Amino acid sequence: MPDARRPYIAGNWKMFKTSADAREYGQRLLSRLPMGNGVELALCAPFTALAATLEGLNDSEIKVLAQNMHQEREGAYTGEVSAPMLLELGVHGALLGHSERRQYFNETDRALQEKVPAALEAGLQPMLCVGETEEEREAGETQRKLRHQVQEALEKVPDDRLADVVIAYEPIWAIGTGQVATPDLAQDAIGFIRALVGDRSGDAAQRVRVLYGGSVKPDNAAEILAQPDIDGALVGGASLDPDGVVEIVKAAAEQVQT
Ligand code: PEP
């Protein structure tokens, strides 16, 4: 794994945790996490808990990401939140295109084509989620779907910024189902995504981090993270407990040492 591809673990809290929960979580996490472990760690918190999450993490290196972001800086978009608003709070990035947003809130590849470069330009780290449904996999459509999602979302990102996007491959059939992808299957899909970035820039393909997400738990993280193209994990359910995050970070830290 090239140096630039520091292992990355991100926890997605979804619509869980109040500000009080977030503060307590941060303190518990910091008291258990081995420091200097070489792993980049981020928590994707609900908008209302972002400030408290940052406060609970007490200026540590742990990043805090929003779970969505509007592409415009400001405007008549009731209920939306923009990049400058997140930056003002001290937020480091935004999860974009999570399958739950695509499925329940009509997030489109066209909107993501604006959101990803808008996040980069504002100085936020975009974490772009892509992945196929079970029906698409069974119909042999996985690569077609991934190609479409990756190419559309990255279309307006300049080649020299491609490696600043973190991509999370999340097969929809594996999210919240307990049905984790086999390491080989995840490696194949993530190798394919890296090659898609390579179609734009060989250098970016070497440096871009691609994570796996879908029912990652402390007991299955190591074998997934050992795959050559998998640079980390986006973790939903298991991230609700800081102890789960600590165990997964330890599994990722092993990859730094090997
Ligand atoms: C997610 O929310 O992105 C996710 C992968 O969830 P889970 O780990 O619960 O499958």
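Because only heavy atoms are used, hydrogens play no part in the values below, and waters and symmetry mates are left out as well, while side chains stay in. Note that the coordinates shown come from a computational prediction; the quantities given were computed from them, not determined experimentally.
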Is there a side-chain contact between [X] and [Y], using heavy atoms and a 4.5 Å cut-off?
{"X": "Tyr169", "Y": "Asp229", "result": "no"}
{"X": "Leu185", "Y": "Arg137", "result": "yes"}
{"X": "Leu57", "Y": "Leu43", "result": "yes"}
{"X": "Phe105", "Y": "Glu107", "result": "no"}
{"X": "Gln113", "Y": "Lys156", "result": "yes"}
{"X": "Asn68", "Y": "Val81", "result": "no"}
{"X": "Leu112", "Y": "Gln71", "result": "no"}
{"X": "Glu170", "Y": "His98", "result": "yes"}

Donor-acceptor check, side chain of [X] to backbone of [Y], threshold 3.5 angstrom: yes or no?
{"X": "Asn58", "Y": "Ser60", "value": "no"}
{"X": "Ser239", "Y": "Gly236", "value": "yes"}
{"X": "Glu72", "Y": "Ser82", "value": "no"}
{"X": "Arg194", "Y": "Val208", "value": "yes"}
{"X": "Ser215", "Y": "Ala174", "value": "yes"}
{"X": "Lys17", "Y": "Leu240", "value": "yes"}
{"X": "Arg5", "Y": "Asp231", "value": "no"}
{"X": "Gln227", "Y": "Asp184", "value": "no"}

Quiz item: Would you say Met35 has more than 12 foreign heavy atoms packed within less than 6.0 Å of its CE?
Solution: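 Yes.
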Self-check item: Residues Glu135 and Trp173: side-chain donor-acceptor under 3.5 angstrom
Solution: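 No pair is found: no donor N or O on one side chain lies under 3.5 Å from an acceptor on the other.
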Among the clusters formed by ILVMFWY side chains lying less than 4.5 Å apart, do [X] and [Y] turn up in the same one?
{"X": "Val235", "Y": "Val64", "result": "yes"}
{"X": "Leu234", "Y": "Phe192", "result": "no"}
{"X": "Phe47", "Y": "Leu87", "result": "yes"}
{"X": "Tyr212", "Y": "Ile9", "result": "yes"}
{"X": "Trp13", "Y": "Leu86", "result": "yes"}

Practice problem: Evaluate the criterion side chain to side chain contact (heavy atoms under 4.5 Å, CB included) for residue pair Leu54 and His92; output intermediate values, then yes/no. | Solution: CA-CA 10 Å; Leu54 286 158; His92 306 96; 3.9 Å; yes
Quiz item: For the salt bridge (charged side-chain N to carboxylate O under 4.0 Å, His left out) test, which of Glu136, Glu132, Glu152 pairs with Lys145?
Solution: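 Exactly one option meets the salt bridge (charged side-chain N to carboxylate O under 4.0 Å, His left out) with Lys145, and it is Glu136.
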Exercise. Check the pair Arg209, Arg6 against side chain to side chain contact (heavy atoms under 4.5 Å, CB included), reporting the backbone distance first and the verdict last.
Key: CA-CA 8 Å; Arg209 285 178 295 177; Arg6 183 178 175 201; 3.8 Å; yes
Exercise. Could you check Asp109, Thr108, Ile172 and say which one makes a side chain to side chain contact (heavy atoms under 4.5 Å, CB included) with Arg102?
Key: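 By the side chain to side chain contact (heavy atoms under 4.5 Å, CB included) criterion, Arg102 pairs with just one of Asp109, Thr108, Ile172: Asp109.
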Exercise. Applying side chain to side chain contact (heavy atoms under 4.5 Å, CB included), run through Val157 and Asp164 and close with a yes or a no.
Key: CA-CA 10 Å; Val157 175; Asp164 297 327; over 6 Å; no
